2 protein chains.
Amino acid sequence: MNTENAKSQMRKGMLEYCILLLLHKGPAYASDIIQQLKEAQLIVVEGTLYPLLTRLKNDRLLRYEWQESTQGPPRKYYALTLDGEEFLRHLDGAWNELTNTVNILRSGSKAEVILT
Amino acid sequence: MNTENAKSQMRKGMLEYCILLLLHKGPAYASDIIQQLKEAQLIVVEGTLYPLLTRLKNDRLLRYEWQESTQGPPRKYYALTLDGEEFLRHLDGAWNELTNTVNILRSGSKAEVILT
DNA sequence: TTTCAGTACCTTGTATTGCAAAGTATATTT
DNA sequence: AAATATACTTTGCAATACAAGGTACTGAAA
């Protein structure tokens, strides 16, 4: 029984939402984002994050600025655009619908078993 | 801005959970499941559902029985196996983690904007 | 100067899976 | 027999999470 794969599948699609939520609080660069998500108990790896950030930037939901670092190479700080903020509100709605759906399905009482 | 695609992506992975939740209440056949999910505001189509049911059956999480119908061809009634019930409890845990993550990310206050 | 370690960004290939669209099969009605 | 309704199935495509490996810049040690 592969629970890990199921959890990974559950994360699909949620990641985009979580990253936008995080960036709504303020700009961050990739390693930063990975760290913050980990603190929120969401494991993400670079190979997942970088293409996602690039896609969101190409869709004009994010923008970035290079910033010098006191130690190490410069960092790409990502931030939400106005479009990104609006999109985030749509995703808030989608998330609300989804939790509502799960609550409906969870709350129903277990029917009598028909199969013998 | 393609909201539909994002919502579709959010559904990914959740579908498996929702279907197991639904079948936990009692056996159902495919059209039945589609109808019940629609009532819970989750749109699923046949091309999505049938392969998923087959996969869950092959993983021994579901089983089915043919049942005659008063009108139309016989129906495949799916039900959870014991493994399926156990797996569902794991998914309950994963779902709780995910909602927790989103709540953490949602609740944080918006930081000061660094980018100009 | 060269080398090494640390940090950060990026790319390629693979597997999974949702979905549209089309197909097959059975039962009932005309 | 043909048409309709119901139900199950398959094929091909697109999106995306992830593992694994690669590139580039910085600063300190050899």
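Naming: A, B, ... by sequence-line order, numbering from 1 per chain. A quick note: this is a predicted structure, and the numbers were derived from the prediction, not measured.
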Rounded to the Å, how far apart are [X] [atom1] and [N] [atom2]?
X: A/Ile33; N: C/dA8; atom1: CD1; atom2: P; value: 12 Å
X: B/Leu98; N: D/dA17; atom1: CG; atom2: C1'; value: 14 Å
X: A/Lys12; N: C/dT14; atom1: NZ; atom2: C1'; value: 11 Å
X: A/Arg75; N: C/dG6; atom1: CZ; atom2: P; value: 16 Å
X: A/Gln71; N: C/dA8; atom1: CD; atom2: P; value: 8 Å
X: B/Gln35; N: D/dA5; atom1: CD; atom2: C1'; value: 16 Å
X: B/Tyr29; N: C/dT26; atom1: OH; atom2: C1'; value: 14 Å
X: A/Tyr50; N: D/dG22; atom1: OH; atom2: C1'; value: 13 Å

Exercise for review: Give one of base, sugar-phosphate or nothing for A/Glu46, where a contact means two heavy atoms less than 4.0 Å apart.
Suggested key: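 Base, at least one base atom sits under 4.0 Å.
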Nearest to the [X] side chain among [options], which nucleotide is it?
X: A/Gln9; options: D/dC8, D/dT16, C/dT17; answer: C/dT17
X: A/Pro73; options: D/dC25, D/dT16, D/dA7; answer: D/dC25
X: A/Lys76; options: D/dT16, C/dA27, C/dC9; answer: C/dC9
X: B/Ala30; options: D/dC18, D/dC8, D/dA17; answer: D/dC8

Point to revise | Joint hydrophobic cluster, A/Tyr50 plus A/Leu15, side-chain heavy atoms closer than 4.5 Å | key: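 No; A/Leu15 is not reachable from A/Tyr50 via cluster members.
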Check your understanding: In terms of the nearest nucleotide of DNA chain D, which residue is placed more toward the 5' end: A/Val44 or B/Trp66?
Key ->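 Nearer the 5' end of the strand: B/Trp66.
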Exercise for review: Would you kindly compare A/Leu52 and A/Thr70 by the position of their nearest DNA chain D nucleotide and give the one closer to the 5′ end?
Suggested key: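 That would be A/Leu52.
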Exercise for review: Report yes if some heavy atom in the side chain of A/Ile104 is under 4.5 Å from a heavy atom in the side chain of B/Glu39; otherwise report no.
Suggested key: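 A side-chain contact is absent here, since even the closest heavy-atom pair is not under 4.5 Å.
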Under 4.0 Å between a side-chain N/O of [X] and OP1 or OP2 of [N], yes or no?
X: B/Thr48; N: C/dC19; answer: yes
X: A/Arg11; N: D/dC18; answer: yes
X: A/Arg55; N: D/dT16; answer: yes

Review point. Have A/Arg106 and B/Tyr17 got a donor and an acceptor in their side chains that come within less than 3.5 Å?
Key: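 Judged by distance alone, the side chains do pair up.
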Check your understanding: Rounded to the nearest 0.5 Å, how far apart are CE of A/Met14 and CG of A/Leu91?
Key ->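 A/Met14 atom CE to A/Leu91 atom CG measures 8.5 Å (nearest 0.5 Å).
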**Study point:** Pair A/Tyr77 + A/Tyr29: ring centers closer than 6.0 Å
**Key:**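 When the ring centroids of A/Tyr77 and A/Tyr29 are compared, they turn out to be within the sub-6.0 Å range.
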**Study point:** Nearest-nucleotide 5' precedence on DNA chain C, B/Val45 against A/Gly47
**Key:**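 Checking each residue's closest nucleotide, the 5'-ward one belongs to A/Gly47.
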